[in-house]
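All chains are named by letter (A, B, ...) in the order of the sequence lines, taking the proteins before the strands, and each is independently numbered beginning at 1.
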2 protein chains.
Amino acid sequence: MARAGTTARKTRNQMEKRQAIFEAALDVFSEKGLRGATLEQVAKAAGLSKQNVVYYFAGKDEIYAELLESLLQKWVQPLHDLTADGDPMDEILTYVSRKVQMSRNMPRESRLFATEILHGAPRLGEVLPTDLKALVDEKAAIIQGWMDAGKLAPLDPHHLIFSIWAMTQHYADFDVQVRSVLGSERSATRFEDAERFIKDMLIRTLRP
Amino acid sequence: MARAGTTARKTRNQMEKRQAIFEAALDVFSEKGLRGATLEQVAKAAGLSKQNVVYYFAGKDEIYAELLESLLQKWVQPLHDLTADGDPMDEILTYVSRKVQMSRNMPRESRLFATEILHGAPRLGEVLPTDLKALVDEKAAIIQGWMDAGKLAPLDPHHLIFSIWAMTQHYADFDVQVRSVLGSERSATRFEDAERFIKDMLIRTLRP
DNA sequence: ATGATTTCTGCACGATCGGTCAACATTTTT
DNA sequence: AAAAATGTTGACCGATCGTGCAGAAATCAT
């Protein structure tokens, strides 16, 4: 057959190889960007030949696009899990915890999205003003409800979410800078320190 | 002569052309990244031919390196201007103002540095652990002094500076996302709203 | 075992990019 | 005005990259 993946049906082997390519692509793309990375670097990182990679994916752009799409869900999951059920402050601090945890454990994913958005999000342009906006609006409404009920200090919920994104992701995206400024000793505990700092800041800010 | 710029002496014309190339390079590099941008795109944006650009600069990498270096000073100036002389809260809020202003008026510069650091800062790796660290340590010591004097609530000054960087630069680096989530109406006032939000947050946080 | 299907490679094309060089044009200097 | 220095362009080269394709190799079904 000409190429794998032309049909929706995927064998076990195909899934594994595709997964290996995804993993390699995440490594390479997050470090060098889409345009800065080469197919051969991805292939080598996946332990395959360049032509073999093309057998499993139509091309470089398709790998990148599918990788981005496959990570999107996981990336916004913590915000999804913020619900109106729990205690307001707890919900927000738990969200911060999970976001810091993601910066620590998934820095490649963070940098991948950061680079994409930084360059204008040409491959996310469709989903940002629809899905992401709807999600943020929904959660902002919940937070607004808490504020209206006097359970949190009144602040703009959208910008509150932005500030949490910014502060938490900063430690993944700009890790080199953070480590350089902190020095080698303080760098060891940078994520714990960051989590504590951000939580302290939000507690002081949001306390009614 | 083989090339301009081989000697340190620069004529008026050379300075102007080099400036035009810098301006064009800032446009192109901040949007596409170093590897994603081509010399011809820079040349076209500068109104010159590709060969003519190479006449004024040794090559693409040199343009990028010199551009980065020429912007570095301007980029950290606001932090330099934070001194122990003024009122603690005023100094910090003024710093926030200037950083938000830079995100609004110099988004290309912000994205240029963001991309560079995101990709490991291979061309800044020397200056981050020395100059930048020294600068941040100095200002962190000032803030720490204010906290010790009971003029500000006690918090980690380094992470305080990181959080200000993160929140303010977020509105330049991830502008597409911010605008998508806010929608067209609310986007119009995003920088004013952000400045107010961040200041409110810091006032509540740092109030002793 | 044998034929069909899947997986992988060798070869190579076309395009693009960064950079070189010689020649030509313009400006400045004497 | 002549000469020298500076500025600009056209033609081109080597390298790299993404991709297509024929066919070999391996795996699987019968």
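Remark: P of C/dC24 and OH of B/Tyr55 are 18 Å apart, rounded to the nearest angstrom. When the P atom of C/dG18 is taken as reference, atom CZ of B/Phe57 falls 15 Å away, rounded to whole Å. A straight line from NZ of B/Lys50 to P of C/dC21 spans 15 Å, rounded to a whole angstrom. Atom NZ in B/Lys32 sits roughly 17 Å away from atom C1' in C/dG18 (whole-Å rounding). Here the P atom of nucleotide D/dT19 and the OH atom of A/Tyr64 are 15 Å apart, to the nearest Å. Distance CD (A/Glu16) to P (C/dT7): 11 Å, rounded to an integer number of Å.
A/Lys17 has a side-chain polar atom (N or O) that falls below the 4.0 Å cut-off from OP1 or OP2 of C/dC8. Between B/Tyr56 and D/dT8 there is a side-chain polar atom (N or O) within less than 4.0 angstrom of OP1 or OP2. For the OP1/OP2 pair of D/dT9 and a distance below 4.0 Å, the side-chain nitrogens and oxygens of B/Ser49 include at least one atom meeting the criterion.
A/Gln51 contributes no side-chain N or O that forms a donor-acceptor pair with the base of D/dG20 under 3.5 Å.
Under the 6.0 Å cut-off for aromatic ring centres, B/Phe22 and B/Phe29 do not qualify, their centroids lying 6.0 Å or more apart. Ring centroids of A/His159 and B/Tyr171 are separated by less than 6.0 Å, placing the two rings close together.
Figure legend: cation-pi geometry between B/Lys99 and B/Trp75, with NZ or CZ positioned under 6.0 Å from the six-membered ring centre and within 45° of its axis.
When side chains are defined from C-beta on, B/Leu132 does not count as touching B/Val127, because their heavy atoms never get closer than 4.5 Å.
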